[in-house]
Undergrad: 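Quick one: the structure is below, and I'll ask about it shortly.
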Amino acid sequence: MTELMLALDVLTRAEAMDIAEKTYPYIDAIKIGYPLVLGSGLSVARDLAEFDLPLIADFKVADIPNTNRLIAEHVFEAGFSGIITQGFTGRDSVSACVDVAHNAGGKCYVVTEMSHPGALDFMGEGVAERLAELAVECNADGIIAPATRPERVKALRQIIGSKKILSPGVGAQGGSAEEIAPLIDSMIVGRSIYNSEDPAKAAQSYSCVRDL
Ligand code: XMP
């Protein structure tokens, strides 16, 4: 089954709660990051917890181990159940996030290859494979890999085996839900849902990927 994760990149608490209220019956998890947290404060995590869905902090953490640890501790104390970290900072920095996540009973996911065109300037074939290997070695729970490049997701799956693949890039970035769903564990969709005139209907239309 492929889950549907809503990327809730709206800018205010009111908008976030409104979209979550409309869509929660059709989604399996919520991901928020800098747009919403800088707009509304970290406490928005407690408000979103009322929907009783996994809540992922997409801060793409990318610092030295001590700073990564301090960031991750804030994230899990705030009520998140998972965190996304960059992998290029290296083994010790990734392990710091993984350790905090697991001590809190949460999950940690490592970015491998990003979904936008510019990602290939530095993070394409070769580097992404090494980042996926690092995710496995650090006992991360999974990776973030691009729905815009299904062939790359297949290659990264060979490395990570049964660990989770969370995949952004469907809809607004041009990725196909039908093509990517069978290759991944969770499809991340933002604008195509929260900018829709009818977010509930849009989320429902994507939720059919569960059966692909
Ligand atoms: P859209 O609106 O494009 O939102 O459906 C996608 C969401 O996913 C985030 N994003 C990524 N996160 N690695 C990540 O960790 C990526 O390659 C990547 N591409 C997109 C984006 O910030 C938004 O929240």
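Numbers for residues simply follow the sequence, beginning at 1. The basis for the numbers below is simple: all heavy atoms, side chains too, and nothing from hydrogens, waters or symmetry mates. First listed ligand is number 1; within each ligand, the first listed atom is number 1. Given the structure is predicted, the values throughout are model-derived calculations rather than measurements.
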Undergrad: Short list, please: which atoms of ligand 1 are under 4.0 Å from a heavy atom of Val111?
TA: 15 (O)

Undergrad: Look at Asp47 together with Arg13 and state whether they make a salt bridge at an N to O cut-off of under 4.0 Å.
TA: yes

Undergrad: Around atom 21 (C) of ligand 1, find the nearest protein heavy atom and jot down its residue, atom name and distance.
TA: Lys31 NZ, 4.1 Å

Undergrad: Is it possible for you to say whether Ile19 and Leu4 belong to one hydrophobic cluster, with membership spreading through side-chain heavy-atom contacts below 4.5 Å?
TA: yes

Undergrad: With a 4.0 Å cut-off, would you call Asp141 and Lys164 a salt bridge?
TA: no

Undergrad: Atom 5 (O) of ligand 1: which protein heavy atom is closest, and how many Å away?
TA: Gly190 N, 2.8 Å

Undergrad: Would the number of heavy atoms belonging to other residues, nucleotides or ligands and lying under 6.0 Å from CD of Glu73 be above 12?
TA: yes

Undergrad: In terms of atom number and element, which parts of ligand 1 are under 4.0 angstrom from non-hydrogen atoms of Asp58?
TA: 9 (C), 12 (N)

Undergrad: Closest non-hydrogen protein atom to atom 16 (C) of ligand 1, residue and atom name please, with distance?
TA: Pro168 CG, 3.6 Å

Undergrad: Starting from atom 15 (O) of ligand 1, which protein heavy atom do you reach first, and at what distance in Å?
TA: Lys60 CE, 3.0 Å

Undergrad: Hey, any chance Ile193 and Val209 share a hydrophobic cluster, counting ILVMFWY side chains that come within less than 4.5 Å of each other, even indirectly?
TA: yes

Undergrad: I need the nearest protein heavy-atom contact for atom 3 (O) of ligand 1: residue, atom name and distance, please.
TA: Arg191 NH2, 2.8 Å

Undergrad: Hey, is His116 one of the residues with a heavy atom under 4.0 angstrom from ligand 1?
TA: no

Undergrad: Answer yes or no: does atom CG of Asp52 have more than 12 heavy-atom neighbours from other residues, nucleotides or ligands under 6.0 Å?
TA: no

Undergrad: In ligand 1, which numbered atoms sit nearer than 4.0 Å to a non-hydrogen atom of Ala7?
TA: 7 (C), 24 (O)

Undergrad: Return the residue, atom name and 0.1 Å-rounded distance of the protein heavy atom closest to atom 23 (C) of ligand 1.
TA: Asp9 OD2, 3.1 Å

Undergrad: When you measure from atom 13 (N) of ligand 1 to every protein heavy atom, which one gives the shortest distance, and what is it?
TA: Ile144 CG2, 3.4 Å

Undergrad: Students often mix this up, so state it plainly: with edges at 30° and 60°, are the rings of Tyr24 and Phe51 parallel, tilted or perpendicular?
TA: tilted

Undergrad: Looking at atom 6 (C) of ligand 1, what's its closest protein heavy atom, distance included?
TA: Gln173 NE2, 3.9 Å

Undergrad: Does Arg149 pair with Glu125 as a salt bridge, N-O distance under 4.0 Å?
TA: no

